[in-house]
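Each chain gets a letter, A, B and so on, in the order the sequences are listed, and its residues count up from 1.
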2 protein chains.
Amino acid sequence: MELTPRYKTLYNDALEKSSLRHTKQREHIFSIILEKKDHPTADEIFTRSREKMPSISLATVYNCLETLVESSLIRQVNFERESTRYCPNLRPHAHFLCKRTGAIHDVDLPDSLIKQLEETLPENFNPEHIEINFSGSNNSND
Amino acid sequence: MELTPRYKTLYNDALEKSSLRHTKQREHIFSIILEKKDHPTADEIFTRSREKMPSISLATVYNCLETLVESSLIRQVNFERESTRYCPNLRPHAHFLCKRTGAIHDVDLPDSLIKQLEETLPENFNPEHIEINFSGSNNSND
DNA sequence: CTAGGTGCAAAAGGTTTGCGGTTAA
DNA sequence: TTAACCGCAAACCTTTTGCACCTAG
């Protein structure tokens, strides 16, 4: 429930860089996303956060998530029109949604492949962001 | 506003394959999506469809779009939590959202690249669908 | 004839906003 | 001290649903 020193530094630096305030709620929500990297929705984060902080509101959860995304501490993950999910993995990666279990898995992507994808674009297109989402099924037991 | 013979055949075959009824509304909505391949939202399609068919309802537009997607005549395109857009291009391709103009561009993808992406997945993952979305800006005049 | 489709209005589901009170810096 | 943030409730926007009527096959 406490941020490790490494993440505490990351968190402090990110907020200070954007001159945002350091609040209990923001830190708590960040710790919940780091605790179990299962790509929870805002509502799941709300439920988990109330265990240790019963007075937090859903609006605050949404506000904190927005702040954490803008500070680049976490990323949003969207599949179709399902609820937005949140991911603390900042490396370039794709997501795989298993339709059988509902679980979302991170899939690391080599830089070379991302470069190849960018090279498919016309010359005058400047990509700032890429999102790559697979869906299907997997046979493993998780 | 009329389907070309090629698309008429495509439309007829797709509906018959799923034993779905052939209705004025479905054909009209399909023709609107083919007419201007600018990835319109349901609401934009609703507005355009009322020009020639003033009595159509938004619920029917949503129902027809669902049918056309299930019949594989069109595809849905989702960027973040924006309204779903609809695309009649059935070849494997990615989308590029220009943040300056709001336009969405189709980007053809070589099969080899898609195969390489699938190869980044663990062995037991069976992808059924891939969505690749770029966002950024482009300097062209469209 | 009748299962499937349409049109309307109401509801649902996720997210955002306005506002009065609280708090970090 | 005070701008930023929180908590609450209401609003918002897109999409779905229930139901009575209609129509393709």
K.L.:
Would you mind telling me which of C:dG7, D:dC8, D:dA24 lies closest to the side-chain atoms of B:Lys24?
P.N.:
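Ranking C:dG7, D:dC8, D:dA24 by closest atom to the B:Lys24 side chain puts D:dA24 first.
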K.L.:
One thing to verify: whether A:Lys8 and A:Glu27 come together as a salt bridge, which I'm taking to mean a side-chain N less than 4.0 angstrom from a carboxylate O.
P.N.:
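So A:Glu27 pairs with A:Lys8 through a salt bridge.
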K.L.:
Pick the nucleotide of DNA chain D nearest each of A:Arg26 and B:Asp43; which residue has the one closer to the 5' end?
P.N.:
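The 5'-side residue here is A:Arg26.
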K.L.:
In this structure, how many angstroms lie between the P atom of D:dC5 and the OH atom of A:Tyr62, rounded?
P.N.:
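The answer, rounded to whole Å, is 20 Å.
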K.L.:
Is a donor on one side and an acceptor on the other found under 3.5 Å between the side chain of A:Thr47 and the backbone of A:Asp43?
P.N.:
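At least one qualifying donor-acceptor pair exists.
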K.L.:
Could you check whether the rings of B:Tyr11 and B:Phe30 sit parallel, tilted or perpendicular, using 30° and 60° as the cut-offs?
P.N.:
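Parallel.
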K.L.:
To the nearest Å, how far apart are A:Leu68 CG and D:dC6 P?
P.N.:
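Computing the A:Leu68:CG to D:dC6:P distance gives 10 Å.
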K.L.:
Nearest whole angstrom, please: distance from the C1' of D:dA3 to the NE2 of A:His22.
P.N.:
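Interatomic distance, NE2 of A:His22 to C1' of D:dA3: 18 Å.
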K.L.:
Under 3.5 Å, is there any donor-acceptor pair linking the side chain of B:Arg21 to the base of C:dG5?
P.N.:
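Such a pair does not exist between side chain and base.
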K.L.:
Could you tell me how far apart A:Glu44 (CD) and C:dG14 (P) are, to the nearest whole angstrom?
P.N.:
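The answer, rounded to whole Å, is 10 Å.
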K.L.:
Considering only C:dT15, C:dA25, D:dC5, which nucleotide approaches the side chain of A:Thr84 most closely?
P.N.:
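Comparing C:dT15, C:dA25, D:dC5 against the side chain of A:Thr84, the answer is C:dT15.
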K.L.:
Identify which nucleotide among C:dG14, C:dC8, D:dC5 has an atom closest to any side-chain atom of A:Ser83, counting heavy atoms from C-beta outward.
P.N.:
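So the nucleotide nearest the side chain must be C:dG14.
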K.L.:
DNA chain D: A:Val61 or B:Asn63, which has the more 5' nearest nucleotide?
P.N.:
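Nearest-nucleotide comparison on DNA chain D picks A:Val61.
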K.L.:
How long is the line joining CD1 of A:Ile45 and P of C:dG14, in whole Å?
P.N.:
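Rounding to the nearest Å, CD1 of A:Ile45 and P of C:dG14 are 14 Å apart.
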K.L.:
What nucleic acid atoms does A:Thr41 come within less than 4.0 Å of, heavy atoms only: base, sugar-phosphate, or nothing?
P.N.:
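Answer is nothing: A:Thr41 stays at 4.0 Å or more from every strand.
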K.L.:
For the side chain of B:Leu58, starting at C-beta, report the closest nucleotide among D:dT15, D:dC5, D:dG7.
P.N.:
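Comparing D:dT15, D:dC5, D:dG7 against the side chain of B:Leu58, the answer is D:dT15.
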K.L.:
By nearest atom, which of the nucleotides D:dT14, D:dA9, C:dG7 is closest to the B:Gln25 side chain?
P.N.:
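Of all the options, the side chain of B:Gln25 is nearest to C:dG7.
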K.L.:
Both B:Ser19 and B:Ala59 contact DNA chain C. Which one's nearest nucleotide lies toward the 5' end?
P.N.:
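On the 5' side of the pair lies B:Ser19.
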K.L.:
Do A:His95 and A:Asp106 have side-chain heavy atoms sitting under 4.5 Å apart?
P.N.:
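Side chain of A:His95 against side chain of A:Asp106, heavy atoms only: contact under 4.5 Å found.
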K.L.:
Does a donor on one side chain sit under 3.5 Å from an acceptor on the other, for A:Asn133 and B:His129?
P.N.:
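Distance-only check fails for A:Asn133 and B:His129.
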K.L.:
Whole Å only: how far is the NE2 atom of A:His28 from the P atom of D:dC6?
P.N.:
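The answer, rounded to whole Å, is 13 Å.
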K.L.:
Side chain of A:Ile56: nearest nucleotide among D:dG7, C:dT6, C:dA9?
P.N.:
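Nearest to the side chain of A:Ile56 among the choices is D:dG7.
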K.L.:
Below the 4.0 Å mark, does C:dG4 have OP1 or OP2 next to a side-chain nitrogen or oxygen of B:Thr23?
P.N.:
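So the side-chain polar atoms of B:Thr23 never come under 4.0 Å of the phosphate oxygens OP1 or OP2 of C:dG4.
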K.L.:
Nearest to the B:Ala42 side chain among D:dC8, C:dT15, D:dT15, which nucleotide is it?
P.N.:
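Minimum distance to the B:Ala42 side chain belongs to D:dT15.
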K.L.:
Can you identify which nucleotide, out of D:dT15, D:dA24, C:dA9, has its nearest atom closest to the A:Arg81 side chain?
P.N.:
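Looking only at side-chain atoms, A:Arg81 lies closest to D:dT15.
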K.L.:
Whole angstrom is fine here: how far is it from CG in A:Leu15 over to P in C:dA24?
P.N.:
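A:Leu15 atom CG is separated from C:dA24 atom P by 14 Å.
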K.L.:
Would you please classify the geometry between the B:Phe125 ring and the A:His105 ring as parallel, tilted or perpendicular, with 30° and 60° separating the classes?
P.N.:
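Judged by the thresholds at 30° and 60°, the geometry between A:His105 and B:Phe125 is perpendicular.
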K.L.:
Please determine, for the side chain of B:Thr60, which listed nucleotide (C:dT6, C:dT17, D:dT14) has the closest atom?
P.N.:
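It is C:dT6.
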K.L.:
Measure CZ/A:Arg85 against P/C:dT15 and give the value in whole Å, please.
P.N.:
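Those two atoms, CZ and P, are 10 Å apart.
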